[in-house]
Chemist: 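Encoded as structure tokens, here's the structure I'll be asking about.
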Protein chains: 2
Amino acid sequence: MATIKDIAKKAGVSITTVSRALNGYSDVNEDTRKKIVETAKILNYSPNSIARSLVMKKSKTIGLLVSGFIRENAKDNFMIEVMTGINDFASQTDYDIVLFTTNSSKQREKTYTQLCRERQVDGVIIQGIRTDDPYLEEVVEGEIPCVLVDIPRIGKHAGYVSTDNIAGAYEAGKYLTEAGHKEIAMINGHDYAFVSKERLEGFTRALLEEGIELPAQSIENGEFSEEGGEEAALRLLEKNSDLTAIFCSSDLMAIGAMNAIKSKGLRVPEDISIIGYDNILLSRYVQPSLTTIAQDTNALGYEAAKMLIAMLDQQKPPGNTIVKHELIVRNSSKKR
Amino acid sequence: MATIKDIAKKAGVSITTVSRALNGYSDVNEDTRKKIVETAKILNYSPNSIARSLVMKKSKTIGLLVSGFIRENAKDNFMIEVMTGINDFASQTDYDIVLFTTNSSKQREKTYTQLCRERQVDGVIIQGIRTDDPYLEEVVEGEIPCVLVDIPRIGKHAGYVSTDNIAGAYEAGKYLTEAGHKEIAMINGHDYAFVSKERLEGFTRALLEEGIELPAQSIENGEFSEEGGEEAALRLLEKNSDLTAIFCSSDLMAIGAMNAIKSKGLRVPEDISIIGYDNILLSRYVQPSLTTIAQDTNALGYEAAKMLIAMLDQQKPPGNTIVKHELIVRNSSKKR
DNA sequence: TTGAAAGCGCTAACAC
DNA sequence: GTGTTAGCGCTTTCAA
């Protein structure tokens, strides 16, 4: 593997000159530059970014920390869409993406900060970790530039990107009440997700404005999974046979809920209307197709990368970016 | 950021000793080691893997080169499942994964080899590139250890992981002929995919064994997309109104084909049976659910990572791993 | 069991 | 415009 030293020797110049010529500095004689570029080509030279990183103290990589990057979660293409968004932006820059995952026991021993410092990433985008994750605090308070996806925390070096979950859930609630529903329940994710808290807040508010209470017994957690949603729906149906609508904090849970309803011999949307959240791919394909709150997931990733790289390259302070959302009415819901 | 130099100074030893102690060499006095480990902790030391990489000439990273890692392709969760498989294996080792993508014009200027050399990845897993990709040859013939997913090429430093596409398509064909179908067509991907060639071969063979010809006009390309599949099906229907079965080289195209059939007022499977390939997530959810050839996609990634890392760590020669497949009969196909 | 010294490939003062 | 030199943080001979 050719190095600048080899080029220097062959071209009869110093390594400094080679470095300068190859990096496009202006103070190099045009003839010298030509010669250097030429010999670089002849020697099939590739710069060694590791060596450069070492001296520049910048690796030009950003870590992508995804919790639960595992098979089961592939169902939910939320994660992959965020990733493509990140990649869309990053590929326009000179940053590369390093994948970190936290499901392995090996990495559990290390804090995220350690992980990032060892791999020398310049910054990190964090996705899918729970609010009770012991290392979240450390990252938010830490020195490593970081952008959180869907976790509204700001620190000295930490910003976030999310959608307005309160507004989204509010619209879902408004939609249902305006459609004449009164016996309404909600399937939420779990208590350690910010989005769960926010969606509950927005939804409750919308109902309350119409004078409809959402008592604790009308809320069940479905852990964001299809099975969890199914079981949660079953419990809700058990408790209240007059239900006419269920709002689910994720499409996957909504699909589970639809299964539950069908298994009870009831129909969606004739007997019970269902609204999901996320607009995952599947939501268009299930029968009936799912009414849901769409998020621009790709933009979530894109904006996260944009913010992080702005922090890195232009010392921009971390902030928060809110990506738009939208109610998409399909066939799983109807007027009473 | 503390370095071994800092530790050496504080502990009153040389940097050599620190390096040895921290790397678990045996020839270090137990007391010295303890002291060093302790001061390392006090100084909140993290090793700098970049510096290590430079001197070791090993980056302990593997590149994941995915072509078309873009939004549209997220539909097909094939890619993401392969990725989780790769990650499953890699996370058990000390290798990290660096994401490369080739959709950006920037990177198009560089060959894969250049990309890999610059980023100093120890090896690379390549997924989703076409057989007419100008740089494929260079990688297969090159010096960088590499494992191809679904491209059966072996080189001095290149192996591959795939399923037996010929056998899979053969089973699909066998299934259809045994179900009594005679007027059969096929929707293939495109001419620059190995899997397309192989699936055509296997399928043709199965039909031929029952004395059924598959003339060129009964084969249309659908470019592996839902829309492409829909259009291909329309063309086939146009040409042969007696069709009773269509085999599609991907589930996505099969879903497109079902749309086409429905739009023509025909029913699946009553009028026309459909078989797909891949067993993507969607195939279970569409109506009717799709009969398909399942591949263990996760294993594809897992085995790719396993092979590559064996090549890297144990100098194992590259080989080929065949991952199992399986016909899954659902509701899009029936006996004549 | 420990340390001094060289060097991985590169960049960046600084001097000429 | 160009070269000399030092040094990024680490590993690894070699010698003590």
Side-chain angles (χ1 to χ4, degrees), chain A residues 1-40 43-61 94 96 114 116-122 313, chain B residues 1-40 43-61 94 96 114 116-122 313:
Chain A
M1 196 77 81
T3 71
I4 53 169
K5 207 170 160 185
D6 301 324
I7 299 176
K9 199 185 290 176
K10 186 146 192 199
V13 293
S14 76
I15 56 168
T16 316
T17 308
V18 176
S19 174
R20 276 194 287 240
L22 261 24
N23 286 305
Y25 279 59
S26 56
D27 57 350
V28 178
N29 183 293
E30 201 42 51
D31 287 347
T32 329
R33 154 167 290 130
K34 259 187 193 149
K35 195 166 168 192
I36 289 172
V37 170
E38 207 168 289
T39 50
L43 294 176
N44 191 21
Y45 169 78
S46 291
N48 182 331
S49 67
I50 300 240
R52 176 181 285 147
S53 296
L54 183 60
V55 55
M56 306 275 267
K57 290 168 168 288
K58 289 222 155 60
S59 67
K60 287 289 173 180
T61 56
D94 54 350
D96 276 339
Q114 279 175 312
C116 294
R117 295 210 308 174
E118 275 186 34
R119 271 310 178 179
Q120 303 285 125
V121 296
D122 294 338
D313 283 350
Chain B
M1 194 78 81
T3 71
I4 54 170
K5 206 169 162 186
D6 301 325
I7 300 176
K9 201 185 288 177
K10 187 149 194 195
V13 294
S14 75
I15 57 168
T16 316
T17 308
V18 175
S19 174
R20 276 195 288 242
L22 260 24
N23 286 305
Y25 281 57
S26 56
D27 57 351
V28 178
N29 183 296
E30 201 42 51
D31 288 347
T32 327
R33 154 167 291 132
K34 258 186 194 151
K35 196 166 166 192
I36 289 171
V37 170
E38 208 168 289
T39 49
L43 294 177
N44 191 20
Y45 170 77
S46 290
N48 182 331
S49 66
I50 300 240
R52 177 181 283 146
S53 295
L54 183 60
V55 54
M56 306 275 266
K57 288 169 168 288
K58 288 221 157 59
S59 67
K60 288 287 173 183
T61 56
D94 54 350
D96 276 339
Q114 279 175 313
C116 294
R117 295 209 310 174
E118 272 185 39
R119 270 310 179 180
Q120 302 286 123
V121 296
D122 294 339
D313 282 350

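Only heavy atoms go into these numbers, but all of them, side chains included; no hydrogens, no water, no symmetry mates. Protein chains get the first letters and strands the later ones, always in sequence-line order, with residue 1 at the start of each.
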Chemist: Measure the distance from CD1 on A/Ile4 to C1' on D/dT2 and round it to the nearest whole Å.
Modeler: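 Spelled out: CD1 on A/Ile4 to C1' on D/dT2 is 14 Å.
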Chemist: Are the side chain of B/Ser19 and the backbone N or O of B/Ile15 linked by a donor-acceptor pair below 3.5 Å?
Modeler: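 Not at all, since once roles are kept as given, no pair shorter than 3.5 Å links the two residues.
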Chemist: Calculate the interatomic distance between B/Lys5 atom NZ and C/dG3 atom P; express it in whole Å.
Modeler: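 Value for this atom pair: 16 Å.
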Chemist: For a quick test of reading the model: is some side-chain N or O of B/Lys57 closer than 4.0 Å to OP1 or OP2 of D/dT11?
Modeler: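 The answer is no; no side-chain N or O of B/Lys57 sits under 4.0 Å from OP1 or OP2.
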Chemist: Would you kindly check whether a donor in the side chain of A/Ser19 faces an acceptor in the base of C/dA12, or vice versa, at under 3.5 angstrom?
Modeler: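 Not at all, since no donor on one side and acceptor on the other fall under 3.5 Å apart.
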Chemist: For a quick check of understanding: with a heavy-atom distance under 4.0 Å over all strands, which category does A/Thr3 fall into, base, sugar-phosphate or nothing?
Modeler: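 Sugar-phosphate contact only - A/Thr3 comes under 4.0 Å of backbone atoms but never of a base.
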Chemist: Between B/Gly12 and B/Met56, which has a closest nucleotide on DNA chain C that is more 5'?
Modeler: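 Comparing both residues, the 5'-ward one is B/Gly12.
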Chemist: A/Leu54 has an atom CG; how far is it from atom P of D/dT11, in whole Å?
Modeler: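 Checked: the CG to P distance equals 12 Å.
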Chemist: Output yes when a side-chain donor or acceptor of A/Asn29 lies under 3.5 Å from a complementary backbone atom of A/Asp31, and no otherwise.
Modeler: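 Yes: the side chain of A/Asn29 pairs with the backbone of A/Asp31.
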Chemist: Hey, could you give me each pair passing side-chain hydrogen bond (donor to acceptor under 3.5 Å, both in side chains) that has a residue in residues 7-16 of chain A? Not counting sequence neighbours.
Modeler: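 Every side-chain hydrogen bond (donor to acceptor under 3.5 Å, both in side chains) pair that includes a residue of residues 7-16 of chain A, provided the two are not neighbours, is A/Ser14-A/Thr17.
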Chemist: OP1 or OP2 of C/dC8 less than 4.0 angstrom from a side-chain nitrogen or oxygen of A/Asn48, does that happen here?
Modeler: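 A/Asn48 to C/dC8 OP1/OP2: no side-chain N or O under 4.0 Å.
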Chemist: Roughly how far, to the nearest 0.5 Å, is CZ of B/Arg52 from CD of A/Glu118?
Modeler: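 It is 7.5 Å, given to the nearest 0.5 Å.
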Chemist: How would you label the contact of A/Asn29 with the nucleic acid (heavy atoms, under 4.0 Å): base, sugar-phosphate, or nothing?
Modeler: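 Sugar-phosphate contact only.
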Chemist: Could you walk me through whether A/Arg119 and B/Thr61 pass side chain to side chain contact (heavy atoms under 4.5 Å, CB included), step by step?
Modeler: CA-CA 10 Å; A/Arg119 271 310 178 179; B/Thr61 56; 3.8 Å; yes
Chemist: Measure from CG on A/Asp6 to C1' on C/dG9 and round the result to the nearest Å.
Modeler: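 Roughly 10 Å, once rounded to whole Å.
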Chemist: Within this structure, what is the CG-to-C1' distance between B/Asp27 and D/dA16, rounded to whole angstrom?
Modeler: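 Rounding to the nearest Å, CG of B/Asp27 and C1' of D/dA16 are 14 Å apart.
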Chemist: When you get a sec, tell me which of C/dG3, D/dG3, D/dG9 is the closest nucleotide to the side chain of A/Val13?
Modeler: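 Output: D/dG3.
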Chemist: Whole Å only: how far is the CZ atom of B/Arg52 from the C1' atom of C/dG7?
Modeler: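 Checked: the CZ to C1' distance equals 17 Å.
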Chemist: Does the side chain of B/Tyr25 get closer than 4.0 angstrom to OP1 or OP2 of C/dT2 through an N or O atom?
Modeler: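 For C/dT2, OP1/OP2 do not have a side-chain N/O of B/Tyr25 under 4.0 Å.
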Chemist: Does any donor-acceptor pair link the side chain of B/Thr32 with the base of C/dT2 at a separation under 3.5 Å?
Modeler: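 No, the side chain and the base share no sub-3.5 Å donor-acceptor pair.
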Chemist: Under 4.0 Å: is that the gap between some side-chain N or O of B/Thr17 and OP1 or OP2 of C/dG3?
Modeler: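 So the side chain of B/Thr17 is within the cut-off, an N or O lying under 4.0 Å from OP1 or OP2 of C/dG3.
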Chemist: On the nucleotide C/dG3, are OP1 or OP2 found under 4.0 Å from the side-chain N or O atoms that B/Thr16 carries?
Modeler: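 Checking C/dG3 against B/Thr16, no side-chain N or O comes under 4.0 Å of OP1 or OP2.
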Chemist: Ignoring hydrogens and angles, state whether a donor on the side chain of A/Ser59 or A/Asp122 is under 3.5 Å from an acceptor on the partner side chain.
Modeler: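 Yes, because at least one side-chain N or O of A/Ser59 sits under 3.5 Å from a partner of the opposite role on A/Asp122.
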Chemist: Once you round it to whole Å, what is the distance between C1' of C/dT1 and CD1 of B/Ile36?
Modeler: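 Rounded to whole Å, this separation is 11 Å.
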Chemist: Closer than 3.5 angstrom, by distance alone: can the side chain of B/Ser46 be matched with the main-chain N or O of A/Gln114 as a donor-acceptor pair?
Modeler: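 It does not hold such a pair.
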Chemist: I need the CD1-C1' distance between B/Ile50 and C/dT11, as an integer number of Å.
Modeler: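 After rounding, the gap between these two atoms is 15 Å.
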Chemist: With nearest nucleotides of DNA chain D determined for A/Arg33 and A/Ile15 from heavy-atom distances, which residue corresponds to the more 5′ nucleotide?
Modeler: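 Going by which nucleotide is closer to the 5' end, it is A/Arg33.
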Chemist: For the helix from C/dT1-D/dA16 to C/dC16-D/dG1, measure the angle between the helix axis at one end and the axis at the other, each built from five pairs, rounding to 10°.
Modeler: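 Taking the rotation axis at each end, their angle is 40°.
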Chemist: Salt bridge or not for A/Arg33 and A/Glu30, using N-O below 4.0 Å?
Modeler: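 A/Glu30 and A/Arg33: salt-bridged.
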Chemist: Quiz question: going by heavy-atom distance under 3.5 Å, is there a donor-acceptor pair between the base of C/dG3 and the side chain of B/Arg20?
Modeler: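 Yes, a donor-acceptor pair under 3.5 Å.
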